[in-house]
There are 2 protein chains.
Amino acid sequence: MTITIYDVAREANVSMATVSRVVNGNQNVKPATRQKVLAVIERLDYRPNAVARGLASKKTKTVGVIIPDISNVFYAELARGIEDIATMYRYNIILTNSDQQENKEVQLLSTLLSKQVDGIVMMSDQVTKEIKHEIDRTDVPIVLAGSIDNSHTIPSVNIKYEEAAKEAVERLLQNGHKRIAFVSGSLAAPVIQQQKLKGYERALEGAGIKFDIALVYGVDNKYDDGIEAWNVLHKLDDPPTAYFGGNDELSIGIIHGAQDNGFKVPEDLEVIGFENSKLARMVRPQLTSIVLPLYDIGAVAMRLLTKFMNNEKIEEENVNLPYRIEERDSVK
Amino acid sequence: MTITIYDVAREANVSMATVSRVVNGNQNVKPATRQKVLAVIERLDYRPNAVARGLASKKTKTVGVIIPDISNVFYAELARGIEDIATMYRYNIILTNSDQQENKEVQLLSTLLSKQVDGIVMMSDQVTKEIKHEIDRTDVPIVLAGSIDNSHTIPSVNIKYEEAAKEAVERLLQNGHKRIAFVSGSLAAPVIQQQKLKGYERALEGAGIKFDIALVYGVDNKYDDGIEAWNVLHKLDDPPTAYFGGNDELSIGIIHGAQDNGFKVPEDLEVIGFENSKLARMVRPQLTSIVLPLYDIGAVAMRLLTKFMNNEKIEEENVNLPYRIEERDSVK
DNA sequence: CTGAAAGCGCTAACAG
DNA sequence: CTGTTAGCGCTTTCAG
């Protein structure tokens, strides 16, 4: 039925060990017999069974990826970075969506581990105790991409969110704004949100402006949330004249919320986003945004993972990639 | 070291067959011994090795997915549909990017097959002979999602592109337009483009309007291509007053191209998109677009695949999902 | 440079 | 209801 290494061995008059050697590029094979085996492999259309190989060698050449939601451009971009580097190192990827649910994340870790993945790249807004526990329980290397665990004990790739946020707000401060809103995803738990908020606070502090909790609006990170945020915030007695949005989609919502009500950007309000996705160019005015190198974060995370999987030397387990502001027209 | 089914058997004083039975939910186990085994599993923190299981059972509970580019929202949405249904049926997904390159597609098929996936969902603009050949060579079921092979011999899930395009153009015709542009991805090979073009032609024909090749602009499907298309087309002696864009991103490019030059949508030109992605609501005016149910296409494709994998009865191997026009403000 | 043999961890008859 | 026994297809010593 399916043809195996054994069939090849028989047809080529060699042992299966020899076939295995040529399949795996082992040099200890006489060129002549290598050719002979290769010919038979070709003729029989033999295709090695990776599962059997995985069982015997205890290496599957596949890595697991846990992300919140692949249909979200943010994560999709990151996933692509991961996949490209994985491919480069001859790994395949088992892609799973967690929807940010802790129980799912734990369960996914477990099923990935049962599938004997050689490593895992994970994104999680919050590395809970349960997750940490699961991670500590295994020898399989795991690296976080665009995610932070408080204990700083899991390898990770990020940018310095706090610094980036600070810089964004300072950019707004430069233009003379005193009332700057910070609109972002739910501020409940996520570590990264907290870091951004801290950057926001530090920027204000540096400019001698009092922090006003009324200007901090924590919703979700969606377009409609941006519209909603604007609707709420502009009704304040002393409304913000500038907005720092947690991501681009949200920021565009803010812009449209304002524009739909006759306000002009950047004349009446200035907006700066975070992510610099393709979207940023697809609004009018085009959105000024902090460049979050999603693809690179994924790529570097995967590269880091390969080092762990190959027991290479690791210089730094917690990598921070550079970021910058992409100036466009939503900020003067 | 790693604990196996054998360890559990020993500790529980049963045979490994019994352990296997409880792990697999086989009913032929006395409740008492089941409890005993479960307790040991818990205590030893035993986790079945899916690779060994796959080798023995010849089922891996993983399916391969070949898409052009996961960082493209279009495909990401589809991938999510696939993943959700896969999860529902307890399959995991090996996700691979082909970048539409035939040689990569062929190679990916091969590596997925070597990994013994139980099935494959594939998206490909063009199912070439090579690909068809590779597919025919295996017993592993494969279904196409949002893709068509000319021979109609591979199961697939789509919408009726030709009809949808026809309807879109007719919508424009309704508003009295005589000069309607068809802007789309490269018209070179892709079957689906051809179908849309045909729908466009038929709509014109139905309205007694002569087909003008000058109004057909085949670029790529990107935002900038939309801008470019507008720049070129509006300079025509008799420029189009309405545009049918191959997808939303492209259509938004057209809108912005026009707006950036002082033209108004829908007053000066009307635009209808194709896809109805989240983007459609994120422009002003909001984009009227044909609803392409990407998520559903992925989901249904995966569901269809499960039927093949379980040898269930298949009513129809080539499924067509419904589509409709989502009316917004880029068309009067 | 090549072969023999022992597993990898689990499923699946087949007995009993 | 439970145990025994073969493999699944390949890698990996260990000899030679």
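Below, chain A is the first sequence line, B the second, and so on; all start at residue 1.
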Please examine the side chains of B:Gln126 and B:Glu102, heavy atoms only from C-beta on, and report whether any two atoms are closer than 4.5 Å.
no

When the distance from OH of A:Tyr6 to P of D:dT11 is rounded to whole Å, what number comes out?
16 Å

With a 3.5 Å cut-off and no angle check, do the side chains of B:Asn97 and B:Tyr75 form a donor-acceptor pair?
no

Starting at CZ of B:Arg34 and ending at C1' of D:dT2, how long is that distance when rounded to a whole Å?
13 Å

Separation of atom CG in B:Asn26 from atom C1' in D:dG3, rounded to whole Å:
14 Å

Please report the distance, rounded to the nearest Å, between NZ in B:Lys61 and C1' in C:dC10.
17 Å

Tell me whether the OP1 or OP2 atom of C:dA4 has a side-chain N or O from A:Ser15 closer than 4.0 Å.
no

Side chain proximity check, B:Lys132 to B:Thr153, heavy atoms < 4.5 angstrom
yes

Any idea which of D:dT12, C:dG3, D:dT4 is nearest the A:Ser20 side chain?
D:dT12

Closer than 4.0 Å, any side-chain N/O of A:Asn28 to the OP1 or OP2 of C:dT2?
no

Mind checking A:Val23 for me? I need base, sugar-phosphate or nothing, with any heavy atom below 4.0 Å counting as a touch.
nothing

Rounding to an integer number of Å, can you tell me how far A:Lys30 NZ sits from C:dT2 C1'?
9 Å

Ignoring backbone atoms, establish whether B:Thr33 has a side-chain N or O less than 4.0 Å from OP1 or OP2 of D:dT2.
yes

Whole-Å distance, A:Arg21 CZ to C:dC1 C1', equals 8 Å

Sugar-phosphate, base or nothing in reach of A:Val19, heavy atoms under 4.0 Å:
nothing

Report yes if the side chains of B:His133 and B:Ile131 come closer than 4.5 Å at any heavy-atom pair, otherwise no.
no

Interface polar pairs with nucleotides 6-9 of chain C, N/O, under 3.5 angstrom:
residue, atom, partner, partner atom, Å
C:dC8, O3', A:Lys58, NZ, 3.2
C:dC8, O2, A:Ala56, N, 3.3
C:dG9, OP1, A:Lys58, NZ, 2.9
C:dG9, OP1, B:Thr2, OG1, 3.3
C:dG9, N2, B:Ala52, O, 3.3

Surrounding CD of A:Glu42 (heavy atoms of other residues, nucleotides or ligands, distance under 6.0 Å), is the total greater than 12?
no

Check whether any side-chain heavy atom of B:Leu112 lies under 4.5 Å from a side-chain heavy atom of B:Ile66, and answer yes or no.
yes

Check whether any side-chain heavy atom of A:Leu292 lies under 4.5 Å from a side-chain heavy atom of A:Ile297, and answer yes or no.
yes

Side-chain donor/acceptor of B:Lys61 to backbone N/O of B:Gly54, under 3.5 Å
no

Under the criterion side chain to side chain donor-acceptor pair (under 3.5 Å), I'd like the reasoning laid out for A:Asn310 against A:Thr306: C-alpha separation, chi angles, the key distance, then a yes or no.
CA-CA 6 Å; A:Asn310 299 322; A:Thr306 63; 4.8 Å; no

Axis bend over the full length of the helix from C:dC1-D:dG16 to C:dG16-D:dC1, computed from five pairs that close each end, to 10 degrees
30°

